[in-house]
Amino acid sequence: MKFSKKMIRYVDRDTIFHRLDPGTKIILVLYFSIIAILINSLPAMILLLLFVYLPIIWEHLTLILVRSLRFLIPVFLFIFIINLMFPQVIPADPWVTYTFLTVNGGLSFEGIIYACLMTARMFMIASVSTLFIMTTTSNAFVHRLKSVGIPETLAFSLGYAMKSITTLSADMANIMDAQRSRGIELEKGNPANKGLQYMALGIPMTVSVMQRSKQTADAMQCRGFGSSGKKTLHRPFKMERSDYLALIISVLVGCALWYFSAIQCF
């Protein structure tokens, strides 16, 4: 498996997500993240995931999105195990009880449901965030922020951070290929040896980040970044009917699922 297949990058396609206004997508990412945190029912969370993933499946973006999320599998497993061993719910009839240091834990059916809910919640937030990066260019993101009055320096910083996700992923892929050519097998060995092998990526990656930061700072200084007045956009952003429709449907579905979850209908 090549690392490049797991990169979070912009996907150049003509889908309903690409045609949405960047501001609309920012609002939807924040909204779905908040709704995912508020929902406390596993069936409601599954329905929310289905609502989000149905258009993703329709636009044939599922495989690319899942590949981009594979590097988070250890995080998902960690969240599931921790919440399974030490759930924040009081089980009616636990199968096993134990104490780790000063924390009491136990295995139960309620604990499994709670662990699945917490994992699905994190998966939801990761999915919508990754989908935003896959369907929005950094330039469109920066221009949309500036169009609503965000200071240029802050807008550029946020856009550069977004673009760096793809850039650093590409740098990591190149470094891993270079280390493989030197005989370092990153996919083989026990966990202890893998830790030592991955240390061989840390120093080159740190140097790469520092070099790229210096080059960016020099380029910004040469172009007089921040010295000019307020800039205008050649093509101002304007929300279309599809943007309002996406917002209305998402708000209605999210609020309905949160309400039914709150009154324990699921």
Side-chain angles (χ1 to χ4, degrees), residues 4-37 39 45-72 120 122-152 154-170 231-258:
S4 58
K5 291 183 179 180
K6 298 191 290 184
M7 287 171 48
I8 302 178
R9 66 189 189 280
Y10 173 74
V11 179
D12 189 9
R13 290 188 183 181
D14 184 19
T15 67
I16 57 176
F17 301 105
H18 290 77
R19 291 191 291 269
L20 288 177
D21 183 86
T24 302
K25 287 184 278 190
I26 294 174
I27 295 174
L28 290 177
V29 169
L30 295 176
Y31 175 74
F32 281 120
S33 299
I34 294 173
I35 288 296
I37 295 174
I39 289 178
M45 182 63 66
I46 293 175
L47 290 177
L48 184 64
L49 283 170
L50 287 176
F51 173 75
V52 172
Y53 267 84
L54 281 178
I56 296 175
I57 296 172
W58 177 265
E59 295 291 355
H60 304 288
L61 292 172
T62 311
L63 184 59
I64 302 175
L65 179 59
V66 172
R67 282 178 174 176
S68 300
L69 292 173
R70 280 191 295 183
F71 77 99
L72 289 176
M122 180 57 64
F123 182 76
M124 179 68 190
I125 297 174
S127 296
V128 294
S129 302
T130 304
L131 183 64
F132 175 77
I133 297 174
M134 288 172 49
T135 58
T136 310
T137 62
S138 58
N139 290 334
F141 177 58
V142 172
H143 292 163
R144 194 62 176 106
L145 291 178
K146 291 192 292 186
S147 68
V148 296
I150 302 297
E152 184 177 3
L154 178 59
F156 175 82
S157 300
L158 294 174
Y160 183 74
M162 175 181 171
K163 188 175 183 180
S164 296
I165 296 175
T166 301
T167 305
L168 294 178
S169 298
K231 298 180 181 179
T232 59
L233 298 176
H234 176 62
R235 293 181 179 179
F237 288 95
K238 182 181 178 181
M239 293 182 63
E240 303 292 340
R241 183 179 301 177
S242 58
D243 296 293
Y244 292 108
L245 185 62
L247 288 173
I248 292 173
I249 295 176
S250 299
V251 169
L252 291 177
V253 172
C255 289
L257 291 175
W258 170 69

Would a 4.5 Å heavy-atom cut-off, applied to side chains only, mark Leu48 and Trp258 as touching?
-> no

Rounded distance [0.5 Å steps], CG in Leu245 versus CD1 in Ile16 = 10.0 Å

Do Asp21 and Glu240 come within less than 4.5 Å of each other through their side chains, counting heavy atoms only?
-> no

Do Phe51 and Leu257 come close enough that some side-chain heavy atom pair is under 4.5 Å?
-> no

Could you grab the distance from atom CG of Leu47 to atom CD1 of Ile39, nearest 0.5 Å is fine?
-> 8.5 Å

Please round to the nearest 0.5 Å and tell me the distance separating atom CD1 of Ile27 and atom CG of Leu247.
-> 5.5 Å

Taking side chain as C-beta onward, heavy atoms only, is Met134 less than 4.5 Å from Tyr10?
-> no

Look up atom CD1 in Ile37 and atom CE in Met45, then write down how far apart they are to the nearest 0.5 Å.
-> 9.0 Å

For residues Ser129 and Phe32, determine if any side-chain heavy atom of one lies less than 4.5 Å from a side-chain heavy atom of the other.
-> no

For Tyr31 against Ser250, the heavy-atom pair lying closest together | CE2-O, 3.3 Å

State, yes or no, whether a side-chain contact exists between Phe141 and Phe132 at a heavy-atom distance under 4.5 Å.
-> yes

Interatomic distance, Ile56 atom CD1 to Thr15 atom OG1 [nearest 0.5 angstrom] | 10.0 Å

Would a 4.5 Å heavy-atom cut-off, applied to side chains only, mark Val128 and Leu28 as touching?
-> no

Taking atom CG of Leu131 and atom CD1 of Ile64, what is their separation to the nearest 0.5 Å?
-> 10.5 Å

Stepwise side chain to side chain contact (heavy atoms under 4.5 Å, CB included) check, Leu72 with Phe123 = CA-CA 9 Å; Leu72 289 176; Phe123 182 76; over 6 Å; no

List in chain and number order the residues that pass side-chain hydrogen bond (donor to acceptor under 3.5 Å, both in side chains) with Arg13, two or more places apart in sequence or in another chain; answer none if no residue qualifies.
-> none

Scan for side-chain hydrogen bond (donor to acceptor under 3.5 Å, both in side chains) pairs involving residues 47-61, sequence neighbours excluded, and state none if there are none.
-> Tyr53-Ser127

Closest heavy-atom pair, Thr130 versus Ser68, reported as atoms and distance to 0.1 Å, is CG2-CB, 3.8 Å

Looking at residues at least two apart in the chain, or sitting in another chain, which of them share a side-chain hydrogen bond (donor to acceptor under 3.5 Å, both in side chains) with Thr136?
-> Lys25

